[in-house]
Amino acid sequence: MTSHTHIPTQMIRAIRSARTQCEERGVIQRECAAIRAQFRQADNGGRSHNLAKLLYVHMLGYPAHFGQMECVRMIASPRYSEKRVGYLGAMMLLDEKQDASLLITNSIKNDLAHSNQYVQSLALCTLACMGSAEMCRDLAPEIDRLLRASNSYIKKKAALCAVHIVRKVHELGELFAPAARSLLSEKNHGVLHGAVVLIIELCERNPETLERFRKTVPDLVQIMKGLVLSGYSPEHDVAGISDPFLQVRILRLLRILGRNNEGASDAMNDLLAQVATNTDSTKTVGNAVLYETVLTVLDIKSESGLRVLAVNILGRFLLNNDRNIRYIAMTSLQKIVGTDHNAVQRHRGTIVDCLKDQDASVKRRALELSLALVSASNIRSMMKELLLFLSSCPPELRAHAASGIFNAAERYAPSQRWHIDTMLHVLITVNTDRATRPAALSHMGFSPSRLTSGCPSAQSLVQVACWCIGEYGDLLLRGDCQETEPVQVTEDDALDALETVLQSHMSSPATRGFALTATMKLSTRITDNVDRIRSIVSIYGSCIDVELQQRAVEYNALFKKYDHMRYAMKKSTCPLYLISPPPPQSVQLHMKAPSGDSLPARGTAKVTQMVVLNNPNKVGLTHTHTHTQKGEHYLNPTNHLPMSRCYHNRL
Amino acid sequence: MIKAILIFNNHGKPRLIRFYQYFAEDLQQQIIRETFHLVSKRDDNVCNFLEGGSLIGGSDYKLIYRHYATLYFVFCVDSSESELGILDLIQVFVETLDKCFENVCELDLIFHMDKVHYILQEVVMGGMVLETNMNEIVAQVEVQTRMEKSEVKLSRPSG
């Protein structure tokens, strides 16, 4: 008992029962062959459901172009059921670039003048979807006629059809302007809505038309007042609001008309205030209207009291249970944080609370907005919140948050100590394998013990710290920093810290390597404790870790055989060792300057140093000493200690 | 304007696709897949707005979607549409379907795809919102359904 007005269920059942893609393809191929055959036959009354079957197949992604001509034939049929599916087929399968679409122009023309309004509406719908520029030019006068003299059902469709025509043929906007204007006195909401959409299109395309339509602001205000203040109207009521869709649309038009124009903005000021205060915000539909009102107020030349009211509404939205409301409120606040900064600042607390929202999109917006709201006066409290956020934020936001925090810290830091503390906090929290801004760390005083004990499990942080101690040890020991409480660091302190790292069972082999190298570097930067360094280094000469052992042995050799070179290297103030490991296995840390280049060592010589971390595999390193500019390193799968040489690298 | 309306189920199978801008067939299917991919990995308690995928593209476009039981209703719109308004419109559309099919479910969309299109045509036309009053929409749909049925009665085919 398949109904002839519906797609036969057998075909769909057959397709759905296919268990594999291949089987489905087979079923569809068979069905399409049958449909093709049917198309070729004379009219047997089942044409409409054949085309409907084809459209179903098309939706699943299978080719259906052979049905194009059938659509043309069906559109020309006198039967409503066939016209209906024919027009639907044309909209799905044809576009104006295809020849077949030309063939339906005549049918559309005829059907626009049909006695049955539902046939007219089919033609209007198809024209609005796929009408070519020629078709539009041809049929525009007919549409204009329908805009003026027909029933509401047709008028509203003609209005949207006119929008499409204007998009295709801009000059025709002039033709429709008068009719659009008179439609504003209609009572039917569907027609009003269509008229407003058309007027928006006309105004956006042509500034002169926009000028002329400014005169309609009083009429629009009247219509809105009717909607907002009228009593309960069952016909248009949606959760207590009268036709929220129409209200939103009119508000959009008012925004366009009021933009950059004092007169128009004044004329709508009271109305906007009324809508903002009277609209019930407990239901979602009310919020759509309120939101549109806010956007309009902020976009036109509204008076400051109204603007503050608008921002306050956005602030209230931030507290709404509905995530969508919170999200769009934040989007809007972001847009105006530049122009209405103070008004937005008043809601900083709520915005910062949204950093804790569960929704990642809301979090992201809250982060952007929070960073935009940071200023010299709120930096301390804001940073607390931002750091808290950083510790629990989703991974995809981490980099952005960290860099935003660094920027804010740099701009508004109340003191250098605070700045350092904040950056340390970030590094500890984030523990990524990108050392951000170690230069800043090293140019200001810092407490090595704080760094190395800050978080023993934050290997990359400890590595950074060790490197900094080694490289800038003399700065550190000079105690040269402008802090409120300068920390006096002795050579013993520095060596203690490094030894702690070396001995800690939490340090990874790579970290120990760093600590050892830093210890060695300090031997040229300190004066009193060289022996202590020598003993540390020689202890590790028999370390179980091959990498460490090898380094220690080499450094020992440096002490013994090349002592003179050791100081010579120091004098040239170039870094002693370039350790460039083989391809990393998992973690790699580059020490990079903010610019992204290698960090320049201190001193007058132009030297760069790349310190690369890796998880050492048990492969040995061969260092070769060359007289050329660059040292070279080769990776050998070897179990024995390679020949030990040391070299220096100067660029 | 609305660029496309896509309805697909939790496995990405399309149940209704309507593009208001021309895309070649294979591109249409790619867009469906990409949209499904974007929308299906969203949690149920996040907001209903997404930046559009790269194919249906353009920075001005976003995806606004609602998830009902086994179906996703996705509207791809540009900035001329109110986001909250579109969310409400999706609700209107679904409620209309519910009225026309009496407790609509996915099977109704599968077996009566054409009827769903005709209902949609009373709500959105040429990518623009046409009618939002549910009673009006339902009334017009019913008149047209009756027209089709009576036509069939008059010219009953012999096969």
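A, B, ... follow the sequence lines: proteins, then strands. Residue 1 opens every chain.
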### Message
Is B/N48 in contact with chain A via its backbone, its side chain, both, or neither, using a 4.5 Å heavy-atom distance?
### Response
both
### Query
At what distance, to the nearest 0.5 angstrom, does CD of B/E131 lie from CZ of A/F245?
10.0 Å
### Query
With side chains defined as the heavy atoms from C-beta onward, is the minimum distance between A/V85 and B/Y118 less than 4.5 Å?
yes
### Task
Give, as side chain, backbone, both or neither, the part of B/R18 having an atom under 4.5 angstrom from any heavy atom of chain A.
side chain
### Query
Using 4.0 Å as the upper bound for N to carboxylate O, is an ion pair formed by B/K13 and A/E24?
yes
### Task
Measure the CG-CZ distance between A/N324 and B/R66 for me, rounded to the nearest 0.5 Å.
7.5 Å
### Task
Let me know if A/D243 has heavy atoms under 4.5 Å from chain B in its side chain, its backbone, both or neither.
side chain
### Task
Indicate whether any N or O donor in one side chain lies under 3.5 Å from an N or O acceptor in the other, for B/E122 and A/Y153.
yes
### Query
Between A/M59 and B/I17, what is the shortest heavy-atom contact and its length?
CG-CG1, 3.9 Å
#### Entry: Interchain contact, B/L89 with chain A, by part (heavy-atom threshold 4.5 Å)
both
### Task
Sort out for me which of B/R15, B/Q21, B/E83 touches chain A most, counting heavy-atom pairs under 4.5 Å.
B/R15
### Query
Does any heavy atom of chain A fall under 4.5 Å from the side chain of B/M134, the backbone, both, or neither of them?
neither
### Task
For residues A/A288 and B/G85, report the shortest heavy-atom separation together with the two atoms involved.
CB-N, 4.3 Å
### Query
Between B/M1, B/Q29, B/H117, which shows the greatest number of heavy-atom pairs under 4.5 Å with chain A?
B/Q29
### Message
Please determine whether a side-chain nitrogen of the Lys or Arg among B/E81 and A/R249 lies less than 4.0 Å from a carboxylate oxygen of the Asp or Glu.
### Response
yes
### Task
Would you mind reporting whether B/T132 and A/L246 have side-chain heavy atoms less than 4.5 Å apart?
no
### Task
To the nearest 0.5 Å, tell me how far A/I328 CD1 sits from B/F49 CZ.
5.5 Å
### Summary
Looking only at A/R323, A/H65, A/R84, A/R252, most heavy-atom pairs under 4.5 Å shared with chain B are made by A/R84
### Options A/Q358, A/E292, A/M91, ranked by heavy-atom pairs under 4.5 Å with chain B, top entry
A/M91
### B/E136, part contacting chain A, at a heavy-atom distance under 4.5 Å
side chain
### Query
Which region of B/Q144, side chain (C-beta onward) or backbone (N, CA, C, O), has a non-hydrogen atom less than 4.5 Å from a non-hydrogen atom of chain A, or is it both or neither?
both
### Message
Tell me which of these, A/L122, A/L124, A/N116, has more heavy-atom pairs under 4.5 Å with chain B than the rest.
### Response
A/N116
### Task
For residues B/I110 and A/R16, report the shortest heavy-atom separation together with the two atoms involved.
CD1-NH1, 3.1 Å
### Query
Of all residues at least two apart in sequence or in a different chain, which pass the ring-ring contact (aromatic ring centres under 6.0 Å, His included) check with B/Y20?
none
### Query
Under 4.5 Å between any side-chain heavy atoms of B/D114 and A/Y56, yes or no?
no
### Query
Could you state the interatomic distance from OG1 (A/T9) to NE2 (B/H112), rounded to the nearest 0.5 Å?
8.5 Å
### Message
Quick check: closest heavy atoms across B/M128 and A/L160, and the distance to 0.1 Å?
### Response
CE-O, 3.3 Å
### Side chain / backbone / both / neither for B/I137 at chain A, heavy atoms under 4.5 Å
neither
### Query
At a heavy-atom separation under 4.5 Å, does B/V129 approach chain A through its side chain, its backbone, both, or neither?
both
#### Entry: Flag for B/Q140-A/Y118: side-chain donor and acceptor within less than 3.5 Å
yes
### Task
Supply the atom-to-atom distance B/N133 CG to A/H193 NE2, rounded to the nearest 0.5 angstrom.
12.0 Å
### Query
Quick one: CE on B/M125 to NZ on A/K157, what's the gap to the nearest 0.5 Å?
6.5 Å
### Query
Do you see a donor-acceptor pair shorter than 3.5 Å between the side chains of B/E25 and A/H58?
yes
### Query
Heavy atoms, side chains only, cut-off 4.5 Å: are B/Y22 and A/Q98 in contact?
yes
### Message
Let's go through A/L88 and B/Q121 carefully: what are the C-alpha distance in whole Å and the side-chain angles of both, what is the deciding distance for side-chain contact (heavy atoms from CB on, under 4.5 Å) to 0.1 Å, and is it a yes or a no?
### Response
CA-CA 10 Å; A/L88 180 62; B/Q121 260 165 217; 3.6 Å; yes
### Query
Where does A/V285 contact chain B at under 4.5 Å (heavy atoms): side chain, backbone, both or neither?
both
### Task
Verify, without hydrogens or angle tests, whether B/E151 (side chain) and A/Y80 (backbone) share a donor-acceptor contact under 3.5 angstrom.
yes
### Message
Could you check whether any side-chain N or O of B/Q28 sits under 3.5 Å from a backbone N or O of A/G61, counting only pairs where one atom can act as donor and the other as acceptor?
### Response
no
